[in-house]
Amino acid sequence: MDIKPIRKAVFPVAGLGTRFLPATKAIPKEMLPIVDSPLIQYAVDEAREAGIEQMIFVTGRGKSAIEDHFDIAYELEKTMSERGKDLSVLGPTRLGPGNCAYVRQQEPMGLGHAIWCARDIVGDEPFAIFLPDEFMHGSPGCMKQMVDAYHSIGGNMISVLEIPHEKVSSYGVIAPGESNGAVTEVLGLVEKPKVEDAPSNLIISGRYILQPEVMRVLEHQEKGAGGEIQLTDAMAQMIGKQPFHAVTFDGSRYDCGSKVGYIEANLAVALSRTDMADEVRAIALNLLN
């Protein structure tokens with residue numbers, strides 16, 4: 001079995017972020033910081049850790065701050081240099097020439113459509129997908145765990161997390177087959193099932209490795225839930241035709257598409273950092289008393 005390496009990642013970042021208005025009126029939601037790095041930076045760092053070389057951003061109008069973030073900030077760097085300040089903090093924000101590509105999704109037609117917009121840049125090779133507002137916190141990162149598993153079995157992969165059974169109706173859930181450690185065969189995908197109908201308590205969690213054939217499926221995909229072209233529907237069509245597995249992420253997931261999840265992520269990261277954990281813990285305890 002010829003398993004091609006995962007060199008490219010697609011980041012669908014065209015969403016309007018209306019749940020975070022007015023914060024996201026002029027700033028893309030992907031640029032909201034978790035402590036001192038924007039969400040999109042954590043996703044790109046996770047991709048690099050997994051050996052991914054090219055970042056493909058599917059953007060929309062008003063998202064130019066993302067392009068600026070991964071560019072050289074000449075005035076800032078010149079001023080910092082002149083003042084003898086350390087520039088290493090900007091290191092992760094640099095994507096080398098040709099290592100990033102931007103493509104526009106002209107209208108919000110769903111996640112599947114956003115991925116399809118990147119078809120020409122992805123070409124005929126397997127690729128990763130990151131949903132940046134699903135913040136995955138752990139070491140090694142979620143995509144690194146997935147790529148390591150992918151190298152031995154190939155095919156299509158999704159990241160899953162185990163949650164309490166009574167909460168499954170808010171998520172996409174997998175119908176599981178055989179398991180081997182953290183890797184579970186996927187027999188089916190169910191979007192937001194009723195609790196009593198859910199085939200498992202393993203939910204899909206914002207990281208994917210897909211074979212290029214999914215682009216052919218998306219090309220002819222009918223609109224699904226909410227009148228949008230759904231990625232889940234396209235993936236469901238690949239099951240049975242190609243190997244399809246789920247990797248249970250050993251780490252924590254925070255839903256930064258919700259305000260409460262975003263605050264939780266900020267607290268979790270702050271409490272994991274040696275430079276501020278003690279102070280933040282003291283602040284939190286003080287607020288709770």
Undergrad: NE2/His69 to NZ/Lys63 distance, rounded to the nearest 0.5 angstrom?
TA: 14.0 Å
Undergrad: Quick check: do Pro28 and Val13 have side-chain heavy atoms less than 4.5 Å from each other?
TA: no
Undergrad: I need the Met31 CE to Ile40 CD1 distance, nearest 0.5 Å.
TA: 9.0 Å
Undergrad: Would you say Asp148 has more than 12 foreign heavy atoms packed within less than 6.0 Å of its CG?
TA: yes
Undergrad: Got more than 12 heavy atoms from elsewhere within 6.0 Å of CD, Glu82?
TA: yes
Undergrad: Which is it for Val247 and Ser159 under the side chain to side chain contact (heavy atoms under 4.5 Å, CB included) test, yes or no, and what are the steps along the way?
TA: CA-CA 5 Å; Val247 176; Ser159 154; 5.7 Å; no
Undergrad: With sequence neighbours excluded, what pairs up with Asp45 under the side chain to side chain donor-acceptor pair (under 3.5 Å) test?
TA: Gln41
Undergrad: Would Leu267 and Met136 show up in the same hydrophobic cluster when neighbours are defined by side-chain heavy atoms closer than 4.5 Å?
TA: no
Undergrad: For Asp71, look at atom CG and say whether over 12 heavy atoms of other residues, nucleotides or ligands are found less than 6.0 Å away.
TA: yes
Undergrad: Side chain of Glu49, backbone of Gly141: donor and acceptor closer than 3.5 Å?
TA: yes
Undergrad: Heavy-atom distance under 4.5 Å between the side chains of Val269 and Tyr42, does that happen here?
TA: yes
Undergrad: Checking the side chain of Tyr262 only, and the main-chain atoms of Pro33 only, is there a donor and an acceptor separated by less than 3.5 Å?
TA: yes
Undergrad: Donor-acceptor pair, Glu125 side chain versus Arg7 backbone, under 3.5 Å?
TA: no
Undergrad: Flag the pair Leu131 / Pro12 as yes when at least one side-chain heavy-atom distance between them is below 4.5 Å, and no otherwise.
TA: yes
Undergrad: Is Leu231 reachable from Leu202 through a run of I, L, V, M, F, W or Y residues, each pair having side-chain heavy atoms under 4.5 Å apart?
TA: yes
Undergrad: Roughly how far, to the nearest 0.5 Å, is CZ of Arg48 from CE of Met143?
TA: 15.0 Å
Undergrad: Mind running side chain to side chain contact (heavy atoms under 4.5 Å, CB included) on Gln237 and Val214 for me, showing each step along the way?
TA: CA-CA 9 Å; Gln237 290 191 45; Val214 75; over 6 Å; no
Undergrad: Can you tell me how far OH of Tyr171 sits from CD1 of Ile204, rounded to the nearest 0.5 angstrom?
TA: 12.5 Å
Undergrad: Please find the pair of heavy atoms, one from Asp255 and one from Arg253, that lie closest to each other, and give the distance.
TA: CB-NH2, 3.9 Å
Undergrad: Do the side chains of Met235 and Phe244 get nearer than 4.5 Å, heavy atoms only?
TA: yes
Undergrad: Please check if Ile27 and Val44 belong to a single hydrophobic cluster, counting links between Ile, Leu, Val, Met, Phe, Trp and Tyr side chain heavy atoms closer than 4.5 Å.
TA: yes
Undergrad: Grab the two heavy atoms, one from Gly155 and one from Tyr150, that are nearest each other, plus how far apart they are.
TA: O-CE1, 3.4 Å
Undergrad: Run the numbers on Leu39 and Ile34 for side chain to side chain contact (heavy atoms under 4.5 Å, CB included), then give the verdict.
TA: CA-CA 6 Å; Leu39 276 166; Ile34 303 295; 3.8 Å; yes
Undergrad: Has Asn99 got a side-chain atom pairing as donor or acceptor with Gln54's backbone, closer than 3.5 angstrom?
TA: no
Undergrad: Just wondering, do Gln211 and Lys4 contact through their side chains at under 4.5 Å, heavy atoms?
TA: no
Undergrad: I need the minimum non-hydrogen distance between Cys117 and Val103, along with the two atoms involved.
TA: O-CG2, 3.5 Å
Undergrad: Which heavy atom of Gly112 sits nearest to which heavy atom of Leu218, and what is that distance?
TA: O-CD1, 3.5 Å
Undergrad: Between Lys8 and Asp120, is there a side-chain N and carboxylate O pair less than 4.0 Å apart?
TA: no
Undergrad: If you count the non-hydrogen atoms of other residues, nucleotides and ligands that lie under 6.0 Å from CD in Glu178, is the total more than 12?
TA: no
Undergrad: For a 4.5 angstrom cut-off between non-hydrogen side-chain atoms, does Met109 reach Trp116?
TA: no
Undergrad: Just by modelled atom types, is the Gly17 backbone N or O under 3.5 Å from a matching donor or acceptor in the Thr24 side chain?
TA: yes
Undergrad: Run the side chain to side chain contact (heavy atoms under 4.5 Å, CB included) test on Leu90 and Met80 for me, step by step, so that the C-alpha distance in whole Å, both residues' side-chain angles and the decisive distance to 0.1 Å come before the verdict.
TA: CA-CA 11 Å; Leu90 295 174; Met80 284 176 71; 4.1 Å; yes
Undergrad: Is there a continuous path of hydrophobic side-chain contacts, each under 4.5 Å between heavy atoms, that joins Leu161 to Leu189?
TA: no
Undergrad: Once rounded to the nearest 0.5 Å, what's the spacing between atom CD of Glu162 and atom OG of Ser200?
TA: 8.5 Å
Undergrad: Shortest non-hydrogen contact from Met238 to Val217?
TA: SD-CG2, 4.0 Å
Undergrad: Could you tell me which residues satisfy ring pair (Phe, Tyr, Trp, His ring centres under 6.0 Å) with Phe57, sequence neighbours excluded, listed by chain and number?
TA: Phe11, Phe70, Tyr102
Undergrad: Which pair of non-hydrogen atoms, one from Ile3 and one from Ile153, has the smallest distance, and what is that distance?
TA: CD1-C, 4.0 Å
Undergrad: Rounded to the nearest 0.5 Å, how far apart are CD1 of Ile158 and CD1 of Ile203?
TA: 11.0 Å
Undergrad: Is it true that atom CD1 of Ile121 has more than 12 heavy atoms of other residues, nucleotides or ligands lying nearer than 6.0 Å?
TA: yes
Undergrad: Look at the side-chain heavy atoms of Ile, Leu, Val, Met, Phe, Trp and Tyr, link any pair under 4.5 Å apart, and say whether Leu16 and Val58 land in one connected group.
TA: no
Undergrad: Do Ile163 and Val168 make a side-chain contact, defined as non-hydrogen atoms from C-beta onward lying under 4.5 Å apart?
TA: yes
Undergrad: Flag the pair Glu46 and Arg207 as a salt bridge only when some basic side-chain nitrogen lies within less than 4.0 angstrom of an acidic carboxylate oxygen.
TA: yes
Undergrad: Are side-chain heavy atoms of Arg273 and Val280 found at a separation under 4.5 Å?
TA: no
